[in-house]
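Here is the structure we will look at, set down as structure tokens.
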Amino acid sequence: MRSRELMMSGNQNNSYTPIPIEEKWQTRWEHEATNTLSPQALEEGENSYYNLMMFPYPSAEGLHVGNIYAFTGADVHGRFQQLTGHTVFEPIGFDAFGIHSENFALKQSLHPMDLIPSNVTNFTRQLKRMGGMFDWKHTVDTTDPSYYRWTQWIFLQLFKSGLAVRKEAPVNWCPSCMTVLSNEQVVGGRCERCNTPVEQRHIAQWFFRITEYSQRLLDGLKQIDWSETTKKAQENWIGRSEGAILNFPISVEEDETTSLDHLTQDELSSVTINLKTIEVFTTRPDTVFGATYIVLSPEHPLVKEVTSDQQREAVQAYQKKTAKLDLVARQKTEKTKTGVFTGGYALNPATGTVIPVWIADYVMMTYGTGAIMAVPGHDQRDFDFAKAMDLPIKQVVSAEKKSKDTVTDILQAYSGDGVLINSKHFDGLSVAEGKKAICDWLKTKDMASVHVGYRLHDWCISRQRYWGPPIPIIHCDECGPVAVPEESLPIILPRIENFKPDDSGVSPLARLEEWYLADCPECGKTARRETDVSDTFLDSSWYFLRYPSTDSEDVPFDSTITRKWLPVNCYIGGNEHAVLHLLYSRFITMALYDIGHIDFQEPFVRFRAHGLIIREGSKMSKSKGNVIIPDQIIEKYGADTFRTYLMFLGPFDEGGDYQDDGIQGPHGFLHRVWETAMLSLQNDKQEKDSNVERKLHQTIQQVTDQIPELRYNTSIAALMEYLNVVRSKGRTPQRCEIEPLVVMIAPFAPHLAEEIWESFGHSESLFSGVNWPEYSADKARADTVEMAIQINGKLRATITVQAEMDQEELEKLSRAEKNISRYLEMGTVKRVIYVPNRLINFVLESNNA
RNA sequence: GCCGAGGUGGCGAAAUGGUAUACGCAGGGGACUUAAAAUCCCCCGGGAGAAAUCCCAUGCGGGUUCGAGUCCCGCCCUCGGCACCA
């Protein structure tokens with residue numbers, strides 16, 4: 001009977017044939033809806049476990065190894081949870097909107113509306129072929145109106161609560177992609193996608209006010225179980241820094257050759273007309289006595305006011321030059337500093353000295369207040385500038401207590417710790433004390449306030465492109481920007497044949513008058529639709545909320561189901577999304593919580609970043625022609641082998657080196673598992689072999705501990721070791737030794753496991769029950785152990801003894817060892833270290849010495 | 001420059017402060033076979049030695065410890081992230 005089943009799965013001679021076996025089980029899983037949750041199961045599922053992985057962008061090239069690596073790692077986790085008694089929901093979908101698809105379509109002269117469906121079909125085929133336990137009844141495609149209807153709905157929720165605002169702002173413009181990029185999409189001043197230098201433009205854009213959430217996003221990190229590297233990346237990205245805002249009153253013009261140092265503060269105040277003050281943000285208020293000039297960002301609004309008539313021409317020329325400068329050039333750290341004196345002055349609130357106000361492009365309008373107090377003695381950038389412009393440098397912090405002299409010819413800024421000098425009555429305080437004391441002092445004069453700055457910027461979601469969800473706003477001349485009524489959603493993205501962007505900075509949709517003309521929902525007059533589409537990252541910032549609720553058409557996420565399944569139990573994905581997708585998802589979740597749509601603030605309880613796969617020691621790239629084509633590997637070895645090998649390469653969170661020959665190991669291993677299982681079918685004598693039994697329980701223990709920790713490579717190694725013990729010296733395997741092995745290999749090689757499981761006479765899918773083996777600590781315990789015998793910490797002999805042997809007896813046996821007695825004669829034992837079941841160490845005092 | 005992660009055989013990699021190199025690849029030897037493939041068994045860090053055994057070895061230099069790949073201090077290198085962020 002069993003052999004007939006094997007014949008049916010394509011086995012003529014009882015050897016392992018992965019391809020027919022995998023086809024058979026993939027078909028069966030689909031027919032029997034093994035991995036699909038019914039609406040009822042979604043509402044009631046016991047012990048629910050939401051196992052999420054980052055959904056792919058469906059490229060024309062198909063799944064790459066990186067995708068398969070990540071999905072396999074996540075799927076192994078899901079299958080393990082299933083086998084240990086959870087109801088696992090493991091969805092997959094497609095992140096198909098965005099510049100990526102659009103650019104590819106343009107290049108190939110295709111329409112994304114034609115391209116994407118065929119890519120999705122191909123991806124679906126490949127995803128099924130790799131044997132993931134995906135729930136194909138609950139997928140998501142961000143380009144489907146039934147999905148982006150709700151993306152637009154999310155925009156409206158944020159708009160209505162004031163978190164979406166339209167503002168004109170300098171933005172990053174990619175002249176090649178012809179669109180605005182978010183700060184996150186600019187890498188080193190270049191477009192992340194096409195590496196073109198980014199330019200500055202001023203366009204009215206929609207922004208999400210993520211900066212309102214800076215502190216919450218930072219605080220939340222402490223409570224979630226995420227990869228440390230990812231948390232650290234977010235922390236750096238948010239970039240909290242504590243400091244103060246200090247006020248520098250703008251002073252009357254002074255002849256720059258006149259030194260004002262001799263004037264008293266009262267005298268100075270009398271010549272100061274308090275028109276305006278320049279606010280600067282600093283993390284070093286303790287160095288304010290060393291602030292010898294002020295620098296405004298060239299775009300700073302006060303530049304106009306401080307600039308003197310004589311300097312106006314030079315200032316405007318510099319502003320013009322900076323505005324033209326792309327961000328790459330501007331952000332080059334190495335370049336020599338440039339700037340122009342405005343002709344204006346400000347009053348140092350601490351010294352009472354009048355100091356010059358400059359503009360320079362090394363000060364950014366986008367950070368802090370767009371203005372700094374320059375302390376060249378203690379900030380390298382200010383130092384470089386002061387040297388270049390011949391501005392005074394004053395030392396106010398001394399590294400050593402003794403040197404109180406004013407160093408005039410220092411070679412570089414000193415930014416370390418020390419004591420304050422040249423700071424009047426604050427002299428002698430430490431940097432930390434000085435910060436507080438000076439801040440407090442200036443506060444009493446209304447010249448300072450404590451301030452926390454963040455590096456994080458608001459999230460610009462406008463894209464002047466075609467391939468995205470139209471932003472659901474109608475611009476009315478009377479009413480301004482008006483929300484599209486929710487019942488009118490979705491605003492369908494129309495099919496237009498010429499979707500190529502141009503340099504005008506407006507979306508291709510703006511060429512479609514019949515589309516963008518619409519009645520104002522408030523006053524009914526003819527108005528214009530917003531023609532920008534939203535950022536792809538908005539699509540992916542909430543997709544995990546949609547998955548369990550794809551059966552609901554009238555709500556984005558069903559409240560009962562959402563309460564049951566969210567937040568996500570485990571999320572696995574690449575660390576390249578540490579500060580983009582993962583931060584935005586957290587922000588959207590918090591915003592929806594505040595608005596009252598969901599009852600949790602963090603979307604992903606646990607997140608693990610996987611590592612990267614390289615090949616034969618170097619990065620894979622199309623240009624090098626060394627990319628692995630998954631289809632070819634699967635065709636040759638089967639999905640089970642591919643999966644197992646990928647998980648065996650190295651630690652999942654670190655990635656690994658894909659060596660072509662290496663796949664032989666796991667391949668042979670699965671062959672051997674199969675053969676051993678078939679042998680055990682014919683030899684079911686159930687004789688107890690304590691050696692094998694002990695190893696089995698040790699293995700179960702190790703694998704049960706390690707799989708949830710994603711330590712897959714060592715788990716597979718443990719299974720290999722176990723099989724080596726089972727088969728050692730040609731030993732005949734027994735079924736009770738193999739059945740648990742089959743279950744433990746199942747997360748990695750699910751098809752093989754199912755087939756053997758069926759051969760063992762089970763009619764139900766292995767994954768339909770709680771089949772994970774239990775271990776007994778008793779049975780895992782060894783009765784004899786190999787002990788190391790050391791002399792002065794060096795291994796000199798090993799001895800196999802009864803486990804838990806007491807020190808006295810072990811010492812006796814050890815001393816009897818030939819090599820040990822030899823050493824013991826050479827000195828006297830000063831001390832004996834005994835580590836039960838591990839080692840005994842004789843510490844000698846040499847007789848010779 | 002700042003923040004992470006890492007550096008162990010020919011290679012991918014293992015090791016709660018306790019016998020370094022598990023597991024696998026490649027390589028060598030053997031069995032089975034007319035032959036090949038597949039499979040199975042054995043060897044495999046370097047050096048000395050007939051052997052017992054000894055010495056050396058986890059990027060480099062110090063330290064703590066009975067004992068350090070692991071902990072501490074100071075460097076070097078590789079890879080990721082951030083970066084005139086005030």
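Protein chains get the first letters and strands the later ones, always in sequence-line order, with residue 1 at the start of each.
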Counting any heavy atom closer than 4.0 Å, what does [X] reach on the DNA or RNA strands: base, sugar-phosphate only, or nothing?
X: A/N724; answer: sugar-phosphate
X: A/Y645; answer: nothing
X: A/F842; answer: nothing
X: A/T798; answer: base

Classify the angle between the aromatic ring planes of A/Y16 and A/H667 as parallel (below 30°), tilted (30 to 60°) or perpendicular (above 60°).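 Correct class here is tilted.
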Students often mix this up, so state it plainly: with edges at 30° and 60°, are the rings of A/F652 and A/H610 parallel, tilted or perpendicular?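 Aromatic pair A/F652/A/H610 classed tilted.
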When you measure from the centre of the six-membered ring of A/W237, is the NZ or CZ of A/R586 closer than 6.0 Å and no more than 45° off the axis?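 No.
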Donor/acceptor link under 3.5 angstrom from A/K337 side chain onto base of B/C84: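 Answer is yes: a donor-acceptor pair is held.
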Ignoring hydrogens and angles, does a donor from either the side chain of A/N841 or the base of B/C66 sit under 3.5 Å from an acceptor on the other?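 When only heavy-atom distances are counted, A/N841 does reach the base of B/C66 through a donor-acceptor pair under 3.5 Å.
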Gap between atoms [atom1] and [atom2], on [X] and [N] respectively (whole Å):
X: A/F648; N: B/A14; atom1: CZ; atom2: P; answer: 10 Å
X: A/W674; N: B/A38; atom1: CH2; atom2: P; answer: 20 Å
X: A/D660; N: B/G12; atom1: CG; atom2: C1'; answer: 12 Å
X: A/H671; N: B/A37; atom1: NE2; atom2: C1'; answer: 12 Å

How long is the span from the CZ atom in A/F669 to the CG atom in A/N724, to the nearest 0.5 Å?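 If we round to the nearest 0.5 Å, A/F669:CZ and A/N724:CG are 8.5 Å apart.
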Can you figure out which of B/G18, B/C23, B/U19 approaches the side chain of A/I833 most closely?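 The answer is B/G18.
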